[in-house]
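Nothing here was measured: the structure is a model prediction, and the numbers come from that model. Residue numbers start from 1 in every chain, and the chains themselves are labelled A, B, ... in the order their sequence lines are given, proteins ahead of strands.
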Amino acid sequence: MVVRLGQTVTKNLEYTAEIFLMLYLALRAGVRDQAQSFRSIYQVISAQVYFTGFQALPLISMLALASGVMVILQSSSQLNLLGGAGMIGKLLVAIVVREMAPLMTALVVIARSGTAVASEIGNMRANREIEALESLGINPMSFIVFPRLVGGIVSVVCLAIYFVVISLLGGFLLTKLIHGMPFQFYADSLSQAVASEDLGLFLLKNVFSGMIIFSVCCYQGLSVQRSPTEVPVATTQAVVKSILYVVVFNISVSTLFYLNQLMTLGVL
Amino acid sequence: MTSPKIEKLRFENVSFKFDGQDPVFENVDFDFPMNQMVWVKAEHGSGRSTLLQILAALQMPTKGNYLINDANVGEMSFEEFLPYRLAIGYGFDMGGLIHNRTLFENLILPLNYHKVLSPQEAGERVTHYMREFNLTKYKDQRPSFMPGGAKKLACLLRAVILHPQMVLLDDPTVGLPQDTALKFFDLLETLRKEGSLKHAFVSSFDEKFMGLIENTEIFIEGGLLHALPEMDEKKVVSL
């Protein structure tokens, strides 16, 4: 039992180290590759932003709207009963901005784009396209991985911002049909609740989620050796590992954030 | 970027094996013939493609050193090997074309990426080759929509598009009509006469076709490389 646990931990640590190594090589190659002009990777970055960001807008809109309605409806009715309606802004920032937007956006991106990236790169490996790029003196780390990472991170951050806007604004508008909450009251409550540390936490979570998702998916795609039959396995692994890493990262950051807040308040 | 002149290729105690498989090469010491068309011969699965991949630094020996001009390739980073890489053209036996790019984009990619020529000159070179080999009708098509022979030819043309000093061609005649294959070898001859191409390594089972081309032979057997002595005397023709 202990041996198996040890083996699992070692295996995961090795995997994480390999992901970090690939990330380092991709960023280094992307920055240092003198042959590669911005123009040559601009096409890949813009395509990644289009597929990951723009095409995910309808799904994100639906999820954001549903989340916004549920959270605003539930919290405002409960807070009204308890006489703390003014707390709605704080509650929304804590739930939507800090937690739901980063996690929901990451899950949507994993499901839509993580799978696409892993299978695309896996197929490129199986078709020997990666090898061909190398033979042409084109570093796959800077030509394949780097633009997907940049495009992916930009998309995740933009989608998360969009999620927050739709969730808070759309959610309010729909809730207004049921509850008669004045917009001025709602806007004041939100603006008083948002602090700079919330924005910091929001950016930290989304930038790193994007990095995690696209690093893991690119790595899994590149792990395909020669056979097309390896591609579905690599894609499944990319989804499972991405979800695992993103969830663990989000929980860890949230926990540290709240521990820090408790320490600031003198509770701990 | 100017490429160094490739003058010497050498294996020093080279061994190679794929994970979980028998060794392909074991303790090979070999000086490769230069300034020639070299025909790499071997039985099926004896390591012809692997040899070309090692020569192109697409695979690294699991043991020993692969030296270009006495410099150990295994100790070079991607960037350090890049000048040599640009002097080596590699033609895949199958696959290798970028599937989300058209034929024209596939051929022009290395020229534009490395800024070897101006965009206009690069376009003219690619258009010229496509016209010469009747590929113009596939110009805007992606590899998945092209017939096998056109894909193979495109792969071979891409190997010489940078006008390299050395070409490594893995089964270049498979899937090509003989007249097209001969036309491609005529192109190699033209590049040689122009002075850009110096060394060519061709792996092939096509005895009939290779018999039409002056070459020297090396043979892979039992995990070792051998130069065929009788061929050294009779068939060696300097490129």
*Region of B:I88 in contact with chain A, defined by heavy-atom distances below 4.5 Å*: backbone

*asked:* Taking 4.5 Å as the heavy-atom cut-off, does anything in residues 156-166 of chain A contact chain B, and if so which residues?
replied: none

*How are the rings of A:F54 and A:Y50 set to each other: parallel, tilted or perpendicular (split at 30° and 60°)?*
parallel

*Do A:F143 and B:Y113 have ring centres separated by under 6.0 Å?*
yes

*Non-hydrogen atoms of chain B under 4.5 Å away: do they reach the side chain of A:R125, the backbone, both or neither?*
neither

*Name the region of A:E120, side chain, backbone, both or neither, that has any atom closer than 4.5 Å to a heavy atom of chain B.*
side chain

*So what's closer than 4.5 Å to chain A heavy atoms on B:I98: side chain, backbone, both or neither?*
both

*Going by atom types alone, do B:T102 and B:D140 pair a side-chain donor with an acceptor below 3.5 Å?*
no

*Which of these passes side-chain contact (heavy atoms from CB on, under 4.5 Å) with B:V40: B:I218, B:D170, B:V202?*
B:I218

*Mutual orientation of the aromatic rings belonging to A:Y219 and A:Y15 [parallel < 30°, tilted 30-60°, perpendicular > 60°]*: perpendicular

*Within 45 degrees of the axis of the six-membered ring of B:F16 and under 6.0 Å from its centre: does B:K63 put its NZ or CZ there?*
no

_Quick one, B:T173 and B:F184 - any side-chain contact, counting heavy atoms below 4.5 Å?_
no

*Cationic tip of B:R48 within the cone over B:F205's six-membered ring, i.e. under 6.0 Å and within 45° of the normal?*
yes

